[in-house]
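Chain naming here is simple, since letters A, B, ... match the order of the sequence lines and numbering starts at 1 in each. These values consider heavy atoms only, across backbone and side chains, with no hydrogens, waters or symmetry-generated copies.
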2 protein chains.
Amino acid sequence: MHAPSSPAPAPTLSLQEQLRRGNLFAEACPSREVLQHVTSRWGVLILVALLDGTHRFSELRRKIGGVSEKMLAQTLQALESDGFVLRTSFPVVPPHVEYSLTPMGTEIAGQVQTLADWIEHNLSTILQTRAARAEA
Amino acid sequence: MHAPSSPAPAPTLSLQEQLRRGNLFAEACPSREVLQHVTSRWGVLILVALLDGTHRFSELRRKIGGVSEKMLAQTLQALESDGFVLRTSFPVVPPHVEYSLTPMGTEIAGQVQTLADWIEHNLSTILQTRAARAEA
DNA sequence: CGGCATCCGAGTCGATACTG
DNA sequence: CAGTATCGACTCGGATGCCG
């Protein structure tokens, strides 16, 4: 990144730059949608949870505190349709469904976990910042 | 979780493990809130945008397609109170306010951008997955 | 067991108007 | 220019009930 003192920070990125990583800033770019699935409230937790390996629906529900069936199913579908999660259904009674990460899902889940780990690691600092701000 | 052949897959993570990175799964953990700020729809874009350096309010508004004033102000406040964004106000007329990343903000913004970059890099694959799924 | 459909309240979001 | 205030639309998310 460029120094704070840069005098002429191109007001808009070059086209090349925008194509490389910037069309995220474009309102209509589909990447925003994918990003939303991945960074959604439950999406993050599901991805990290599945890094531990295959889980059944109810296992996930128990593991992820506070998630409802509806949101779990809904988020799993979104992640599945994006190709991050693999859903395997066994036609037995009672039904048995397993969820696991695809190779692509494993990659992104790793990134997400890195982010989550960072936050947990710095959580005390963050909370102190907030507290200090509240006093002032 | 259970690898097909694993004989003794600890059903729950050890306490140590849970404290190291796992209380994210606890419903009440404040880390979830911080994570929400960072991964929120506009939070992601603001952080990445500010990686390019200091921006004024209206610069951000122009740069981030589709954001409303309200959400921009609101999200900036959240990120500021978490200590990721620094707000600098110059008491002149017309008002002049600059937003930049704190050291901590720079760190996390880097992580977020890595994530965003990964998605954009793999976007075509993702969209193909979706399309294939739509056919079937 | 693993969902889907429906309903409904609470919160979020965006457009507009107004203030310092 | 940089917000805040207000309001309506809309979405999110939980609870319930039903079906494979």
Check the distance between [N]'s [atom2] and [X]'s [atom1] and give it to me in whole angstrom.
X       : N      : atom1 : atom2 : result
B/Arg32 : D/dG13 : CZ    : C1'   : 14 Å
A/Phe57 : D/dG20 : CZ    : C1'   : 15 Å
A/Leu76 : C/dC4  : CG    : C1'   : 14 Å
A/Leu72 : D/dG13 : CG    : P     : 13 Å
B/Gln36 : D/dG13 : CD    : P     : 8 Å
A/Ile46 : D/dG13 : CD1   : P     : 11 Å

Which class fits the ring pair A/Phe84 and B/Trp118: parallel under 30°, tilted 30 to 60°, perpendicular over 60°?
-> tilted

Residue pair [X] / [Y]: nearest heavy atoms and the distance that separates them:
X       : Y        : answer
A/Ile64 : B/Arg32  : CG2-NH2, 4.2 Å
A/Val85 : A/Thr102 : C-CG2, 3.9 Å
A/Thr54 : A/Glu59  : O-OE1, 4.1 Å

Is there a donor-acceptor contact under 3.5 Å from the side chain of A/Glu120 to the main chain of B/Leu24?
-> yes

Within the distance-only criterion (no hydrogens, no angle test), does the side chain of A/Thr75 pair as donor or acceptor with the backbone N or O of A/Leu72 below 3.5 angstrom?
-> no

Stepwise, does the side chain to side chain contact (heavy atoms under 4.5 Å, CB included) test hold for B/Leu60 with B/Leu50?
-> CA-CA 8 Å; B/Leu60 284 173; B/Leu50 288 180; 4.0 Å; yes

Would you indicate what B/Glu98 reaches in the nucleic acid, counting non-hydrogen atoms under 4.0 angstrom: base, sugar-phosphate, or nothing?
-> nothing

Looking across every strand, which nucleic acid part, if any, lies under 4.0 Å from B/Glu59 by heavy atom: base, sugar-phosphate, or nothing?
-> nothing

Does OP1 or OP2 of [N] have a side-chain N or O of [X] closer than 4.0 Å?
X       : N     : result
A/Arg56 : C/dC1 : no
B/Ser89 : D/dA2 : no
B/Tyr99 : D/dC1 : no
A/Arg87 : C/dG2 : no

Is A/Gln111 close to A/Val38 at the side-chain level, that is, under 4.5 Å between some pair of heavy atoms?
-> no

Going 5' to 3' through nucleotides 10-20 of chain C, assign each nucleotide B (protein heavy atom under 4.0 Å from a base atom), S (under 4.0 Å only from sugar-phosphate atoms) or - (no protein heavy atom that close).
-> ---BBB----B

Looking at five pairs on each end of the helix from C/dC1-D/dG20 to C/dG20-D/dC1, what is the angle between the two axes, given to 10 degrees?
-> 50°

Pairs where residues 49-72 of chain B contributes a residue and the test ring pair (Phe, Tyr, Trp, His ring centres under 6.0 Å) is met, not counting sequence neighbours | none

